[in-house]
Structure formats: structure tokens, C-alpha cells
Asks: 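Once you've had a glance at the structure underneath, I'll fire off some questions.
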Amino acid sequence: MPINYYIYLAVALFSIGVAGVLTRRNAIIIFMCVELMLNAVNLLLVAFSKMHAQTALAANPSAITGVEAQLFVFFIMVVAAAEVSVGLAIIVMMYRNIHSVDVNFLNRLKH
Amino acid sequence: MDITQILFWFLSILAVFGALMMVTSKNPVYSVLWLIVVFFAISGHYILLNAQFLAVVNIIVYAGAIMVLFLFVIMLMNLNAETEPQKNKWLKIAGVIAGGSLMLVFIAALRHSNELIKTQVSMGGEAGLIKTLGKTLFTDYVLPFEISSVLFLSAMVGAVVIGKKGD
């Protein structure tokens with residue numbers, strides 16, 4: 001597949017995530033949209049690594065390339081898992097304090 | 001049209017459709033289930049790109065662990081379509097227009113990138129196998145790997161401290 005199809009797919013997923021963050025008011029759904037954007041970027045990273053590995057493979061058929069990018073994506077997943085645990089703890093605490101997950105109630109900084 | 005192309009289009013349509021359903025579902029539980037569909041589609045893409053290890057990790061970590069955590073939190077709070085916060089219709093339209101404009105800008109910026117379009121992504125290579133990845137992870141990247149364990153420990157402590165009752 002041409003690389004630009006992968007770019008368009010990742011852009012579509014990322015934009016849907018952005019639109020979700022802007023339109024939804026439920027804190028959990030907003031968090032899920034952020035996860036979706038993270039995954040779109042991961043997919044694009046793997047596609048680009050594959051693209052570059054291919055040019056290296058054409059020059060030297062026995063070379064193993066593209067490992068670094070996949071490890072990078074692996075570390076992104078590690079950080080995302082840590083981020084989700086802390087974020088969900090914050091949402092649970094927010095629900096305990098204001099009995100809602102509506103982000104519109106969190107406007108104390110505005111006043 | 002060979003099998004790779006058919007799979008690519010099927011997985012892409014599944015991913016985009018799942019993402020749209022995730023954003024538009026009124027019930028948060030359905031949103032979580034659609035997001036799991038999206039993650040499975042992205043895992044399929046990883047397999048098409050010869051990143052088998054990442055595909056399995058994506059299913060285990062995202063679809064397995066993170067989304068179950070989301071489901072637990074949603075069921076703990078007893079959220080459903082009735083408790084879903086309502087908001088202004090115009091703000092919704094503005095959000096959709098903003099997201100669509102972002103997509104338009106990206107596509108317009110990438111449309112004339114001729115060099116990229118010529119490059120094909122195909123099967124082949126063994127970079128995604130667990131043997132190759134593991135060897136690199138435990139030799140060249142052993143320090144980031146160990147530091148990520150510290151990150152996990154701090155995240156665990158942080159989650160417990162934040163979620164603790166009273167204080």
C-alpha cells in the first residue's frame with residue numbers, strides 16, 4: 001500500500017479524536033478520545049518505520065532495520081498505560097467530589 | 001486487488017467507523033466497546049506492517065488492560081445514557097467543524113508530497129519479531145527499559161495516593 005493511505009488513515013483517526021475531545025463533555029469519553037489520538041500516531045510511526053526499512057532493505061538485503069521505531073512505539077504504550085492509571089484515578093476523585101463526570105462543572109478557575 | 005489491499009481497506013473502514021461510533025455513542029459503555037473495535041483494527045494494521053509483537057502488545061495492553069480499566073470505572077460510577085451531560089448544539093457543531101478543518105489542513109499539507117506517494121509499504125522483513133525486538137530492547141535500550149519500571153512504580157503510587165479516601 002502507498003504510504004499516503006496510511007497517512008490519511010492516521011489523520012482521519014486523529015481528527016475524529018480531536019472532534020471528540022471538543023464535542024463531548026464526559027471526562028471519560030474525552031480521555032478515550034485522547035487514547036485514540038495516541039493510537040493514530042503510533043500507527044503512523046510504524047508505517048513510516050516500515051517505509052524507511054524498505055529502502056534500507058533494498059540496499060542491503062540481510063539488514064534488520066526498523067527495530068528502533070517499533071521499540072519507540074512500545075515505550076509510548078508503556079507511558080500511555082501509566083498515564084491511564086493516573087488519569088482514571090483523577091477522574092474517580094473528581095466524581096467523588098462533585099458527583100459528576102461533566103467537565104463543565106470544573107470551571108472554578110474561571111471565576 | 002490482492003488480499004493485502006482488501007485487508008487494508010477493510011481494517012481502515014472498520015477503524016474509522018469504530019472511531020465515529022465511539023465519539024457519537026450516547027452510552028459510555030458502547031463507546032468503550034467501539035474503541036476496543038478500533039484497537040483491534042489497528043492491531044490488524046500492525047500485522048499488515050509486519051509488526052507482530054506490537055500487534056499482540058496492542059491487544060493485550062490496550063484492548064485487554066486499559067479498556068477493562070475504563071469499563072470498571074464507568075460501571076463503578078454507574079454511567080449510562082441518562083446521566084450523559086448535555087450541551088449546546090452550536091458548540092457541538094463548532095467542535096465538528098474544528099476537527100474537520102484540522103483534517104483538511106493535514107490533507108492539504110500532504111497532498112503534494114510526491115516523494116512520499118511513490119514509496120510503497122509492503123510485507124517482508126523480520127524487524128517485528130519478538131526475537132529481534134527483544135535483543136535490541138535488552139542490549140541497546142536496557143536503560144530506558146529500566147527507567148520505565150520506575151515510571152510504572154511512580155504511576156502506581158500516584159494512582160493509589162490520588163484514589164485514597166479521606167485526607
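Because only heavy atoms are used, hydrogens play no part in the values below, and waters and symmetry mates are left out as well, while side chains stay in. Per chain, numbering begins at 1; letters A, B, ... match sequence-line order. Worth saying up front: this structure is predicted, and the values here are computed from it rather than measured.
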Asks: Tell me, do A/Leu22 and B/Lys92 make a side-chain contact under 4.5 Å, heavy atoms counted?
Replies: no

Asks: Can you tell me how the ring of B/Trp9 sits relative to the ring of A/Tyr5, calling it parallel under 30°, perpendicular over 60° and tilted otherwise?
Replies: tilted

Asks: The test is side-chain contact (heavy atoms from CB on, under 4.5 Å); show your working for A/Ile16 and B/Met103 and say whether it passes.
Replies: CA-CA 9 Å; A/Ile16 291 170; B/Met103 187 160 100; over 6 Å; no

Asks: So which part of B/Val160 gets closer than 4.5 Å to some heavy atom of chain A, the side chain, the backbone, both or neither?
Replies: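 Answer is neither: B/Val160 stays 4.5 Å or more from chain A.
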
Asks: With no hydrogens and no angle check, is any side-chain donor or acceptor of A/Tyr8 less than 3.5 Å from a backbone partner on B/Ile107?
Replies: no

Asks: Which pair of non-hydrogen atoms, one from A/Leu43 and one from B/Tyr46, has the smallest distance, and what is that distance?
Replies: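 Distance-wise, the nearest heavy atoms are N-OH, 3.6 Å.
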
Asks: Counting only non-hydrogen atoms closer than 4.5 Å, does A/Leu13 touch chain B with its backbone (N, CA, C, O), its side chain (CB onward), both, or neither?
Replies: side chain

Asks: For B/Asp140, is it the side chain, the backbone, both or neither that has a heavy atom under 4.5 Å from a heavy atom of chain A?
Replies: neither

Asks: Is B/Leu35 close to chain A through its backbone or its side chain, or both, or neither, when contacts mean heavy atoms under 4.5 Å?
Replies: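 Contact with chain A is through the side chain of B/Leu35 alone.
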
Asks: Given that the side chain runs from C-beta out, which part of A/Leu9 has a heavy atom under 4.5 Å from chain B: side chain, backbone, both or neither?
Replies: side chain

Asks: Over 60° means perpendicular and under 30° means parallel, so classify the ring planes of A/Phe74 and B/Phe53, tilted if in between.
Replies: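 Taking A/Phe74 first and then B/Phe53, their aromatic rings sit tilted (interplane angle of 30° to 60°).
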
Asks: Between B/Phe152 and A/Ala82, which heavy-atom pair has the shortest distance, and what is it?
Replies: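 Shortest heavy-atom contact: CE2-N, 4.0 Å.
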
Asks: Side chain from CB out, backbone as N, CA, C, O: work out which of these in A/Leu45 comes under 4.5 Å of a heavy atom of chain B, or both, or neither.
Replies: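 Neither part, no heavy atoms under 4.5 Å.
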
Asks: Against chain B, label A/Met93 side chain, backbone, both or neither, depending on which of its atoms sit under 4.5 Å from a heavy atom there.
Replies: side chain

Asks: With a 4.5 angstrom heavy-atom cut-off, is it the side chain or the backbone of B/Phe39 that approaches chain A, or both, or neither?
Replies: side chain

Asks: Is A/Val21 close to chain B through its backbone or its side chain, or both, or neither, when contacts mean heavy atoms under 4.5 Å?
Replies: neither

Asks: Determine the interplanar angle of the A/Phe31 and B/Phe70 rings, folded into 0 to 90°, and report it as parallel if under 30°, tilted if 30 to 60°, perpendicular if over 60°.
Replies: tilted

